[in-house]
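Worksheet: the structure to be examined is printed underneath.
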Amino acid sequence: MSQTASQPNVEPAGDGVPPHRYTPALAQQIELSWQDRWEADGTFHTPNPTGPLSSGFEKVADRPKAFVMDMFPYPSGAGLHVGHPLGYLGTDVTSRFLRMDGHNVLHPMGYDAFGLPAEQFAVQTGQHPRITTEANIAAIRAQLRRLGVDHDDRRSFATIDPGYYRWTQWIFLQIFGSWFDPDAGKARPIEDLIAGLDAGTRAPAAGTNPSGRPWAELDEVERRKVVDAHRLAYLHQAPVNWCPGLGTVLSNEEVTPDGRSERGNFPVFRRPLTQWMMRITAYADRLLDDLDRLDWSDSLKLMQRNWIGRSTGARIGFSCGERTIEVFTTRPDTLFGATYMVLAPEHPLVSSLAAAAWPDGTDPRWTGGAATPAEAVEAYQRQASRRSELDRQDAGREKTGVWLGVTAVNPVNGRELPVFIADYVLTGYGTGAIMAVPGEDTRDYEFAEVFGLPVVRTVQPPVGFDGGAYTGAGPMINSANEEISLDGLDKVTAIATITDWLVEHGHGEATTTYKLRDWLFSRQRYWGEPFPILYDENDLPVAVPASMLPVLLPEVDDYSPKTFADDDATSAPEPPLSRATEWTTVELDLGDGPRTYRRETNTMPNWAGSCWYYLRYLDPSDDERLVDPELERYWLGPQSPGDVGGVDLYVGGVEHAVLHLLYARFWHKVLFDLGHVSSEEPFRRLVNQGYISAFAYTDERGFYVPAAEVVENSGQFFHEGKPVSREYGKIGKSLKNMVTPDDMIGAYGADTFRVYEMSTGPLDQSRPWETKAVVGSQRLLARIWRVVVDEQTGVVRAADGEPDEETLRVLHRTIAGVRDGFATLRFNIAIARITELTNHLTAAYGAKAPVPRTVAEPLVLLVAPLAPHIGEELWSRLGHDSSLAWHAFPVADERWLVEDTVQVAVQVNGKVRAQVTVPADADAAALEAAARADEKIAGHLDGATVRRVVAVPGRLVNFVLG
RNA sequence: GCGGGAGUGGUGUAACGGCAGCCACGCCAGACUUAGGAUCUGGUGCCUUCGGGCGUGCGGGUUCGAUUCCCGCCUCCCGCACCA
């Protein structure tokens, strides 16, 4: 098996080019040959400790494991451009390095294949989305193979495989079948809840029992509704993001800040609809707190923290006639400064609170020009619902609102506070109602100005403060009643004091709220996982038994949901599956005799399949269970007490910071609570790879011209002789700056492409693409080739002799540097060190003397993770029968990392004035003596007073003159 | 507006608080060439009176010494944004 790729039929490379030069044609020949051999030999098959993939595990049983993973791609029809492989190559280099360095490495790849583009293509063409999706997967798989990545191909799958989504449905049933026990702080099986309710040891949670009657008195249907309201997956009628243009509802995360759909950019409206929700809010604290235990970038953690948006404060009740208005505030200390109240226009109390008529002397600004409060409210609510999210969130807009004609009572001082509705108060956050403190809140101050409301300061602003609201720190003022006084207190003490008082008098309590909302989990699409849910004759949801999974996606004639005019806010969703009439109705015996059930016709959102795919890699053939616990413990389990476990390196784009990464953590924690996994988190270490952008060029008319045809001439850019202007942006067809990996592999080979991508900066850094610079990587590989192979004869040139000491020092410095670069994902510094070694060998040995084998072999091993094909080829030519993929990575010998003598800089007053060479172990005194002996330094010191001498052994000497 | 990150040659970048610019692209020169958009070798931060001087966005500070640490400002990028 030691035959090499290039022995026969190398074509003459052209006039003057040596026949055995490392040309792109030779590189491609070598690459294809080694890709075939890796596949035939199963070189990258990773052994599991047990089960069907465990063959060969004894070879690696004593190795530490390393689970290295990419965010799997969505198989779009557009194929890959040069920006896509950056992360894939980063994990590939890492996994190859770790394998050589003695780890059992799992580096798999799969496909996230449900989703909108394939469905929309299917709607246009009538072709089943599975057909296009599978064709796209095959194309991307071929592209990845041609890059030489070391994925274990036995472990690949797509989320659309019934054998996969069967378990996606199974997990849904686990979530549906459990509730969050606030006492235990974790999910538990729903049967435990029912047992507690039956035994009377547990009462229905607040808001789950509308009738208010005791559990024991409820009938069967009422009980089921109470239980269903506790589930982690539950049906809920609430305002959701309805997108008529797409014909589906969307999660908050899928709606852009300006109130449009992330996909398609259609307007989104808030509409009350009954939909499946997942109770991710129950996990808000754990999702937040466990971020501290993850090796993720600070910026990414911050994005999740902001999205979860925990804030602590108080809930305070304000009496308003017969009713109580509950508000949430983070500043209960400013309660004495509340001068009015505001409800969100959609607040449920609004209509019942509105007065019958305006009191005499009502400020005309407060009525909205309406004859009665009811009319004013109705008009304002209509206006608010029509207003797009963009308008409504524009903080710069003048405040609007109307008075309800009533007042509420400030519990702390009895002050009568007029109650308004205004759209600057959001219905979904806190209680949807606020106490307005214009003295210390900018928005309240703006509203108070427009409506002529009083301002009471309760925090002393600094002298000279002439702004409106004062939001800074300062002592409390104007904050006392007969029982308590906050005056003079600081903010923290005042909050504690007033909160105690509120609790004592039954007016409120300390509380925490979150920006995070429950996850809207149903979509009115065809191309997604069907819900394993049936509805019985009471229209209540029933789980499909696990034994009957998967619920297969039925064939339909029309893949599109009914869509509507973009702005038709009152339209209602109609999922494609509802038209599969033979499928929607089913007769089953679920243990109580045959009955007729109606199937859930929504499908799961795009994110469902990516929530757990890392578990499936452990054994994608498992039909018995979600994952073998032994495999999960081995690959994902905690590595030490307190460790969260999870994938050891997860690389992907930052665009998933609050979508996929939050949802997957949530599912994983539910699975952990229910005992299906031993790890608390799915992704221990996460790195966001940078983006590759490219220059694009426009002509005088502003049209893009093909970037590949633009030439530069002394700083100016020209296309067909005419000047063009340069822009910088995404790679793609629209900017006419598309460059594909296939283009680069065709021109240079995969190894050169890999080395170039890795050389342009640390993995997490974004960078521009520059095709003309790729040749530098090609030159490097050609020089390495020339170290081992004679370009004229093709004969291997490695010598048996010993390298000189200087070469050994460079070699071992290189080994240390390359290891550092690989370990920290700074492949650019690894390549710089390899280049130095190569350049040194070229200069020291040149074309005449062969490089000693003891240096040439480590060089090949060092470059192999980056450029595996040329690595294998040279390794093979050096006489090794087996792949270097499993050969030990070189280890630096400390002996050669320390120099005998070192050059140290000599500074005078911090400026370098000379270099002296001293023994490496010279102490400070010897260093100073050597420095003083230098002519230049002696000149500088002559006649001056040396106030101080700083001598750092091995580094420098600094004379400080007085 | 709030929060985070980043500013180093023409370009991508590199430097345990210790000689700023490793490595590469580009550019310049040379070699080999009928030729060079191949390959190889050398040079390449700026200024210079050739002694040297100045240089890591700007201004301060800490230090014997700052690209690195601290403070303020400017610019760019990212995230969030009427979240009470």
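To find a chain, count down the sequence lines: A is the first, B the second, and so on, and within it residues start at 1. For the numbers below, each heavy atom of this structure counts, side chains included, while hydrogens, waters and symmetry mates do not.
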Side-chain N or O of [X] less than 4.0 angstrom from OP1 or OP2 on [N]?
{"X": "R955(A)", "N": "C64(B)", "result": "no"}
{"X": "N828(A)", "N": "G12(B)", "result": "no"}
{"X": "R948(A)", "N": "C64(B)", "result": "yes"}
{"X": "S311(A)", "N": "A84(B)", "result": "yes"}
{"X": "R779(A)", "N": "A24(B)", "result": "no"}
{"X": "N839(A)", "N": "A24(B)", "result": "yes"}

Q.
If we check side-chain contact (heavy atoms from CB on, under 4.5 Å) with R932(A), which of these qualifies: V949(A), L927(A), V957(A), V916(A)?
A.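 Only one option passes, and that is V949(A).
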Q) V755(A) and side-chain contact (heavy atoms from CB on, under 4.5 Å): which partner among I834(A), L89(A), L781(A)? A)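 Only one option passes, and that is L781(A).
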Q) Does the side chain of T281(A) come under 3.5 Å of the side chain of Y514(A) through a donor N or O and an acceptor N or O? A)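 No, because no side-chain N or O of T281(A) sits under 3.5 Å from a partner of the opposite role on Y514(A).
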Q) Do T760(A) and R767(A) have side-chain N/O donor and acceptor atoms under 3.5 Å apart? A)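 Looking only at side-chain atoms, R767(A) and T760(A) do form a donor-acceptor pair, the distance falling under 3.5 Å.
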Would you indicate which nucleotide in [options] comes nearest to any side-chain atom of [X]?
{"X": "P762(A)", "options": "A14(B), C22(B), G18(B)", "value": "A14(B)"}
{"X": "L956(A)", "options": "A14(B), G26(B), G18(B)", "value": "G18(B)"}
{"X": "Q907(A)", "options": "A24(B), A84(B), C19(B)", "value": "C19(B)"}
{"X": "N958(A)", "options": "G18(B), A14(B), U41(B)", "value": "G18(B)"}
{"X": "A773(A)", "options": "C25(B), G18(B), A84(B)", "value": "C25(B)"}
{"X": "V425(A)", "options": "A84(B), G12(B), C64(B)", "value": "A84(B)"}
{"X": "V950(A)", "options": "C25(B), G18(B), A14(B)", "value": "G18(B)"}
{"X": "K772(A)", "options": "C25(B), C40(B), G53(B)", "value": "C25(B)"}
{"X": "E770(A)", "options": "A84(B), C23(B), C25(B)", "value": "C25(B)"}
{"X": "V952(A)", "options": "A15(B), U39(B), G18(B)", "value": "G18(B)"}

Distance check needed: [N] [atom2] versus [X] [atom1], whole Å only.
{"X": "R947(A)", "N": "U63(B)", "atom1": "CZ", "atom2": "P", "result": "12 Å"}
{"X": "R305(A)", "N": "C2(B)", "atom1": "CZ", "atom2": "C1'", "result": "16 Å"}
{"X": "L866(A)", "N": "C23(B)", "atom1": "CG", "atom2": "C1'", "result": "14 Å"}
{"X": "Q765(A)", "N": "A14(B)", "atom1": "CD", "atom2": "C1'", "result": "11 Å"}
{"X": "R726(A)", "N": "G10(B)", "atom1": "CZ", "atom2": "C1'", "result": "10 Å"}
{"X": "I831(A)", "N": "G12(B)", "atom1": "CD1", "atom2": "P", "result": "18 Å"}
{"X": "Q792(A)", "N": "C40(B)", "atom1": "CD", "atom2": "P", "result": "14 Å"}
{"X": "K301(A)", "N": "G4(B)", "atom1": "NZ", "atom2": "C1'", "result": "14 Å"}

Assign [X] to base, sugar-phosphate, or nothing according to its heavy-atom contacts below 4.0 angstrom with the strands shown.
{"X": "S777(A)", "result": "nothing"}
{"X": "T442(A)", "result": "nothing"}
{"X": "T330(A)", "result": "sugar-phosphate"}
{"X": "D444(A)", "result": "nothing"}
{"X": "L302(A)", "result": "sugar-phosphate"}
{"X": "R833(A)", "result": "base"}
{"X": "R310(A)", "result": "nothing"}
{"X": "K515(A)", "result": "base"}

[N] to [M] separation - [atom1] atoms, rounded to the nearest Å:
{"N": "G9(B)", "M": "G65(B)", "atom1": "P", "result": "25 Å"}
{"N": "U63(B)", "M": "C71(B)", "atom1": "C1'", "result": "16 Å"}
{"N": "C16(B)", "M": "A6(B)", "atom1": "P", "result": "15 Å"}
{"N": "A15(B)", "M": "G26(B)", "atom1": "C1'", "result": "23 Å"}
{"N": "G57(B)", "M": "C50(B)", "atom1": "P", "result": "32 Å"}
{"N": "U34(B)", "M": "A29(B)", "atom1": "C1'", "result": "22 Å"}
{"N": "U68(B)", "M": "G60(B)", "atom1": "P", "result": "14 Å"}
{"N": "C27(B)", "M": "C74(B)", "atom1": "P", "result": "39 Å"}

Q: Take Y691(A) and Q765(A) through the side chain to side chain donor-acceptor pair (under 3.5 Å) test and state the conclusion after the steps.
A: CA-CA 7 Å; Y691(A) 286 96; Q765(A) 188 165 312; over 6 Å; no
Q: Run the numbers on F451(A) and F420(A) for ring-ring contact (aromatic ring centres under 6.0 Å, His included), then give the verdict.
A: CA-CA 10 Å; F451(A) 286 80; F420(A) 290 81; 5.5 Å; yes
Q) Between I434(A) and E791(A), who's closer to the 5' end of RNA chain B by nearest nucleotide? A)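 Between the two, 5'-proximity favours E791(A).
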Q) Taking for each residue the nucleotide of RNA chain B with the nearest heavy atom, is it D441(A) or V654(A) whose nucleotide lies nearer the 5' end? A)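 Taking each residue's closest nucleotide, the earlier one in sequence belongs to V654(A).
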**Q.** N-glycosidic conformation, G51(B) - syn within 90 degrees of 0, else anti
**A.**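 G51(B): syn.
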Q) Is the glycosidic angle of G9(B) within 90° of 0, making it syn, or outside that range, making it anti? A)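 This nucleotide is in syn.
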(Q) Less than 6.0 angstrom separating the ring centers of F447(A) and Y340(A), yes or no? (A)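 Ring centres of Y340(A) and F447(A) closer than 6.0 Å.
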Q. In terms of the angle between their ring planes, are Y756(A) and W769(A) parallel, tilted or perpendicular, with boundaries placed at 30° and 60°?
A.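 Correct class here is perpendicular.
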Q. Quick one: side-chain contact (heavy atoms from CB on, under 4.5 Å) partners of T329(A), sequence neighbours excluded?
A.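 T329(A): side-chain contact (heavy atoms from CB on, under 4.5 Å) contacts with I316(A), R331(A), P332(A), M435(A).
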